[in-house]
Amino acid sequence: MSQHKHRRRARPKKALNQTWVLIVAVVVVTVAAGVSLGLLASSGDGGSAGSEQGRSAPGTSEGADSGVGAAPTPSPTRSYPLSKAPQTIPAVRSHTAARGPGWRPAENKRVVVSDKELADEGRLIAGELGLTYAGQKSDVRAGDVRLALGDDEGANPESYTMTVRGGRVAISGPGEAGVFYGTRTLKQEVHDGGTAPEGVVRDTPAKPVRGFMLDIARKYFTAGWIEDRVRELGDLKYNQLGLHFSDDQGFRIESKSHPEIVSQQHLTKAQVQKIVKLAQSRHIQIVPEIDSPGHLGAVIAAHPDLQLRNVNGVATRGAIDISKPESAKIVDDLLNEYAGLFPGNQWHLGGDEYQALVVSDPQASYPQLASAARKAYGSGATVADLTTGWLNGRSDTVRAHGRTPRAWNDGFFRDTSVQPDKQIQVAYWTGKEIGAREPLVYLSTGRKVINYNDEFLYYVLGEPQTFVYPTGERIYQQWTPRVLRGTTAVPAKYDPQILGGSFAVWCDLANSQTQAQVAAGIRMPLRATVQKLWDPGKPQLTWAEFRALADRLD
């Protein structure tokens, strides 16, 4: 038994050496793991901007080699790489990188507002990200998203600043719209479980008009489909939705003043009010259009006595007889009625393609119009003068409701003694009309212009005439707001007069596509258009990268 004890006492020296080897190995592995994990751990202050990724804790090697009696190993320094700019559509215009963990949504985090006016924006983003909306609060908690109105006088009300720091997010702007756009950026950043990158975003749109126009007169679109587009437009930072709801093929909104003109398939006023309310919550203004004096076929069908007829008594398609006082009255009735339904400050008067002016001699073909022109404006007045006077009259009607009017560029005529109201903005869409004029003709007189360039921005169902469905790639690579006609940009000095642009869906051959096909067809063109309206410069992403980003964000 003593021999056995002796044998056991003869082995401890070797065992002790093995044990020290094992201890050293464990210490090295543990410290190395600690450093590695430290790179991933979340620090309370968001990390140090001056630290370097992969830096080891001081004394690590010494602690591993010296064994018993070595100083305790300090906690590893937590470090993060510099953040990258968020990937959003449209792209943010400025991001100051920083080191830190960023921010991720979680159920226990909350949205708070500093100003009660931001309650709607707060509730919306909280619901979208699965957070708790806590209302107006002044206390600060870990993980907070705080929305606030700034006092930056003179700043673009659609601008915003978003700061991600210390595990919290702060979004501020001089106006509610800007704060809302900041929440759209946050929503896209963390889409599908991602992280809002550390740092500061400073963002502002290049153009104040970022629009989508929908022809609901020729084709009936359901209220639900339109609401889906409003949500899509809001997330993309569009701020206008045009509704062209009167044309030859239909009149698509309920009317109390003239129910006889309304198409069987139409939107009720209650449905429109719901759309308007949803749009307002996304800071989108509805821009209504009752086109006149052409494109009034649905109105004329119920009032055939107002149909324009030529010298031979032949009816002129879609044209109302503007020599008759009753024509102005019925259109003004409708403008006054719908001013109460659409609360924004914009109105589209149309004014395009009045068929009395596409013939070689309007005065001879339409003697009643020529006579009315001379009576109103003097012996040398023409049908074009009378038509310009009509446009001015409708402008007066909507301006009385505090609206700024716009009209299609072919509703403005050359060499007329009657000049269009200076307040009417030019919706420039084509250079194909009779007597077409270059955009510079309008810009040189100081008029403000909105870009609807049919070369890039017209999605015409069925592709009639020379139209082809526009592609997002072509818009992304070739179009800017200064490209008003064809493919050539106007000089940069006119850029301030170009308020922005609008992508348009026209339903000339209404059954060519279903609602779902239209939504799919305009998906990438809408994204490309708003990218160029938010920042007209050359995008940093290639088209393939932009398309892939859109797929990830949807």
Side-chain angles (χ1 to χ4, degrees), residues 156-158 175-177 180-181 205-217 226 229-230 233-234 236-247 252-253 267 269 272-273 275-292 295 331-332 334-352 391-409 411-412 420-429 442 446-453 457 481 484 496-505 529-530 533:
N156 186 338
E158 293 190 306
E176 294 169 45
F180 171 73
Y181 296 141
K207 292 299 180 182
V209 174
R210 303 178 302 281
F212 169 55
M213 200 229 70
L214 180 64
D215 172 11
I216 65 172
I226 297 172
R229 301 289 74 70
V230 169
L233 295 172
L236 293 171
K237 303 186 177 84
Y238 277 88
N239 63 1
Q240 290 188 5
L241 168 61
L243 290 182
H244 175 92
F245 64 92
S246 170
D247 213 303
R252 299 290 182 181
I253 296 179
L267 299 174
K269 285 191 174 181
V272 173
Q273 287 168 341
I275 293 169
V276 169
K277 184 176 181 180
L278 178 64
Q280 288 176 321
S281 74
R282 266 67 175 177
H283 295 274
I284 295 171
Q285 179 177 174
I286 307 292
V287 183
E289 181 190 359
I290 299 177
D291 202 347
S292 76
H295 295 281
V331 173
D332 283 346
L334 296 169
L335 295 175
N336 288 324
E337 176 181 2
Y338 291 107
L341 184 62
F342 297 102
N345 62 9
Q346 301 290 311
W347 198 286
H348 203 316
L349 296 171
D352 64 313
L391 185 66
N392 287 344
R394 311 296 72 74
S395 175
D396 289 344
T397 300
V398 300
R399 286 177 62 197
H401 293 283
R403 306 306 198 264
T404 297
R406 70 182 67 164
W408 300 112
N409 62 285
F412 297 79
D421 180 349
K422 288 291 186 182
Q423 301 302 314
I424 303 174
Q425 298 170 353
V426 180
Y428 198 99
W429 71 281
Y442 305 93
R447 283 197 184 273
K448 294 179 179 179
V449 177
I450 301 169
N451 191 328
Y452 289 79
N453 187 340
L457 306 179
L484 285 162
Q497 290 173 237
I498 301 171
L499 300 178
S502 182
F503 189 84
V505 169
T529 299
V530 81
L533 290 169

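Scope of the values below: all heavy atoms of this structure, side chains included, with no hydrogens, waters or symmetry mates. Since the structure is predicted, the reported quantities are computational estimates derived from the model, not experimental observations. This chain uses plain numbering: 1 for the first residue, then up along the sequence.
In the displayed structure, K448 atom NZ is contacted under 6.0 Å by at most 12 heavy atoms of other residues, nucleotides or ligands.
In this structure, L241 and I226 have side chains that are in contact, with non-hydrogen atoms separated by less than 4.5 Å. R210 has its side chain within reach of P205: a pair of non-hydrogen atoms, C-beta onward, lies under 4.5 Å apart. Taking 4.5 Å as the limit, some side-chain heavy atom of H244 sits within range of a side-chain heavy atom of D215. In this structure the side chain of L233 never reaches within 4.5 angstrom of the side chain of V530, judged on heavy atoms.
Relative orientation of the H348 and W408 rings is tilted, given thresholds of 30° and 60° on the angle between their planes.
Each salt bridge (Lys or Arg N to Asp or Glu O under 4.0 Å) pair with one or both residues in residues 339-350, not counting sequence neighbours, would appear here, but there are none.
H283 and Y181 make their closest contact through O-OH, 3.9 Å (heavy atoms, listed as atom of the first residue, atom of the second, distance).
We find the OH-CG distance between Y452 and N409 to be 11.0 Å, quoted to the nearest 0.5 Å. A distance of 8.5 Å separates CG of L499 from CD of Q346, quoted to the nearest 0.5 Å.
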> side chain to side chain contact (heavy atoms under 4.5 Å, CB included) between R229 and L214: does it pass, once the steps are laid out?
Replying inline: CA-CA 10 Å; R229 301 289 74 70; L214 180 64; 5.6 Å; no

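Every side-chain hydrogen bond (donor to acceptor under 3.5 Å, both in side chains) that Q285 has, sequence neighbours left out, goes to N345.
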